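Here is the structure we will look at, set down as structure tokens.
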Amino acid sequence: MIKGNKVYLTTIEQGDLEQLRHWRNLPHFRKYFREYREISTTMQQNWFEHVVNGDNKTIMFAIRMNNTDELLGCCGLCYINWVHRHSDLSLYIGKDEAYIDEEGIAEESCKLLFDYGFGELGLNKIWTELYEFDHQKINLYKKFGFQEDGYLRKQYYYEGKWWGSYLLSLLGEEYGGKPDS
């Protein structure tokens, strides 16, 4: 368990899967994810067994409220390259169907995840690809100092239109633990 002031990060359990699947299948969430299809119960179970519990290149966490243990969302480090010490970032807040909330849950979850990734795991870089209309995550990650590494033109087709995506990253040496306010 990785504990913060409001939330803690812990293992994803079998009992969390249906709620996580529900959130992932919300159309206003799914548009932001690389997995564009609706996720079936079987697909969610396979992800849990083969990725969460069976892939040493992925470390996923349930985000829970400190005082109630309520499941709030999910975050993790994916496609970890243990030789070159970098990882892709995954995060969403399902509580109240927020995606990225305004109460600071996503922000604190990021801080805990970054402390763990850069501190305990010794990662050099945490990166992500975000579609250009994902303003909530772009703004959140830039608070932590993420820099734009590139822009992929016409990378994603959504609502009858092509959208680009940004490649953003944060280096361990740039991470100070607190977002810029």
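What you are looking at is a predicted structure, and each value in this text was computed from that prediction instead of being measured. Each residue takes its place number in the sequence, starting with 1. Heavy atoms only: backbone and side chains are in, while hydrogens, waters and symmetry mates are out.
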Can you tell if the side chain of T10 reaches within under 4.5 Å of the side chain of D69, non-hydrogen atoms only? no
Between E132 and Y151, what is the shortest heavy-atom contact and its length? OE2-OH, 3.2 Å
Do Y175 and I126 have side chains that get closer than 4.5 Å, going by heavy atoms? no
Measure the SG-CG distance between C75 and L113 for me, rounded to the nearest 0.5 Å. 4.5 Å
Donor-acceptor contact below 3.5 Å, side chain N66 vs main chain K3: no
Residues Y79 and R34: closest non-hydrogen pair is CE1-NH1, 3.9 Å
Under a 4.5 Å side-chain heavy-atom rule over Ile, Leu, Val, Met, Phe, Trp and Tyr, are M65 and I2 clustered together? yes
Using side chain to side chain contact (heavy atoms under 4.5 Å, CB included), reason through E97 and H22 one step at a time and then give a plain yes or no. CA-CA 10 Å; E97 298 184 7; H22 168 75; 4.1 Å; yes
Is L171 reachable from L140 through a run of I, L, V, M, F, W or Y residues, each pair having side-chain heavy atoms under 4.5 Å apart? no
I need the Q44 CD to Q14 CD distance, nearest 0.5 Å. 9.5 Å
Group every Ile, Leu, Val, Met, Phe, Trp and Tyr by side-chain heavy-atom contacts under 4.5 Å, then state whether W47 and Y92 land in the same group. yes
Could you tell me whether K111 and E108 have a side-chain N and a carboxylate O separated by less than 4.0 Å? no
Under 3.5 Å: donor-acceptor pair, side chain of Y141, backbone of W127: no
Got I100 and N139 here, is their nearest side-chain heavy-atom distance under 4.5 Å? no
Heavy-atom side-chain contact between E129 and D88 under 4.5 Å: no
So does Q45 get a backbone contact from the side chain of R21, meaning a donor-acceptor N/O pair under 3.5 Å? no
L170 and L89, any side-chain heavy atoms less than 4.5 Å apart: no
Joint hydrophobic cluster, M43 plus L20, side-chain heavy atoms closer than 4.5 Å: no
Apply the test side-chain hydrogen bond (donor to acceptor under 3.5 Å, both in side chains) to residues Y99 and D134: give CA-CA distance (whole Å), side-chain angles for both, the deciding distance (0.1 Å), then the verdict. CA-CA 10 Å; Y99 180 61; D134 194 347; 2.6 Å; yes
Is a side-chain N or O of Q147 found less than 3.5 angstrom from the main chain of G145, in a donor-acceptor match? yes
Shortest non-hydrogen separation from S109 to L91 and the atoms involved: CB-CD1, 4.2 Å
Nearest-0.5 Å distance that lies between atom NZ in K154 and atom NZ in K161: 10.5 Å
Should the ring pair F133 and Y32 be called parallel, tilted or perpendicular, given that the plane angle runs from 0 to 90° and is split at 30 and 60? tilted
What is the distance from atom CD of E102 to atom CD1 of I93, rounded to the nearest 0.5 Å? 12.5 Å
Sequence neighbours excluded, the answer for side-chain contact (heavy atoms from CB on, under 4.5 Å) partners of T58 is V51, D55, M60, C78
Check step by step if salt bridge (charged side-chain N to carboxylate O under 4.0 Å, His left out) holds for E35 and R24. CA-CA 9 Å; E35 176 55 72; R24 281 293 312 254; over 6 Å; no
Do you reckon L77 sits in the same ILVMFWY cluster as Y8, going by side-chain contacts under 4.5 Å, direct or chained? no
Of the non-hydrogen atoms in Y116 and I59, which two are nearest, and what is the gap between them? OH-CD1, 3.9 Å
From CD1 (I63) to CD1 (I12), nearest 0.5 Å: 9.0 Å
Around F33, counting heavy atoms of other residues, nucleotides and ligands shown, do more than 12 lie under 6.0 Å from its CZ? yes
Value rounded to 0.5 Å, distance of NZ in K143 from CD in E107: 4.5 Å
Could you tell me whether the side chain of L130 reaches within less than 4.5 Å of the side chain of F146, counting heavy atoms only? no
Is there a donor-acceptor contact under 3.5 Å linking the side chains of E38 and S40? no
Nearest heavy atoms of S165 and Q155, plus distance in Å: OG-CG, 3.4 Å
Does CZ in R153 sit with more than 12 non-hydrogen atoms of other residues, nucleotides or ligands closer than 6.0 Å? no
Going by heavy atoms in the side chains, are R64 and D16 under 4.5 Å from each other? yes
Does the pair E103/K6 count as a salt bridge with the N-to-O cut at 4.0 Å? no
Non-hydrogen side-chain atoms of D96 and D101 separated by less than 4.5 Å: no
For Y131 and Y158, I'd like to know if the aromatic rings sit close, meaning centre-to-centre distance below 6.0 Å. no
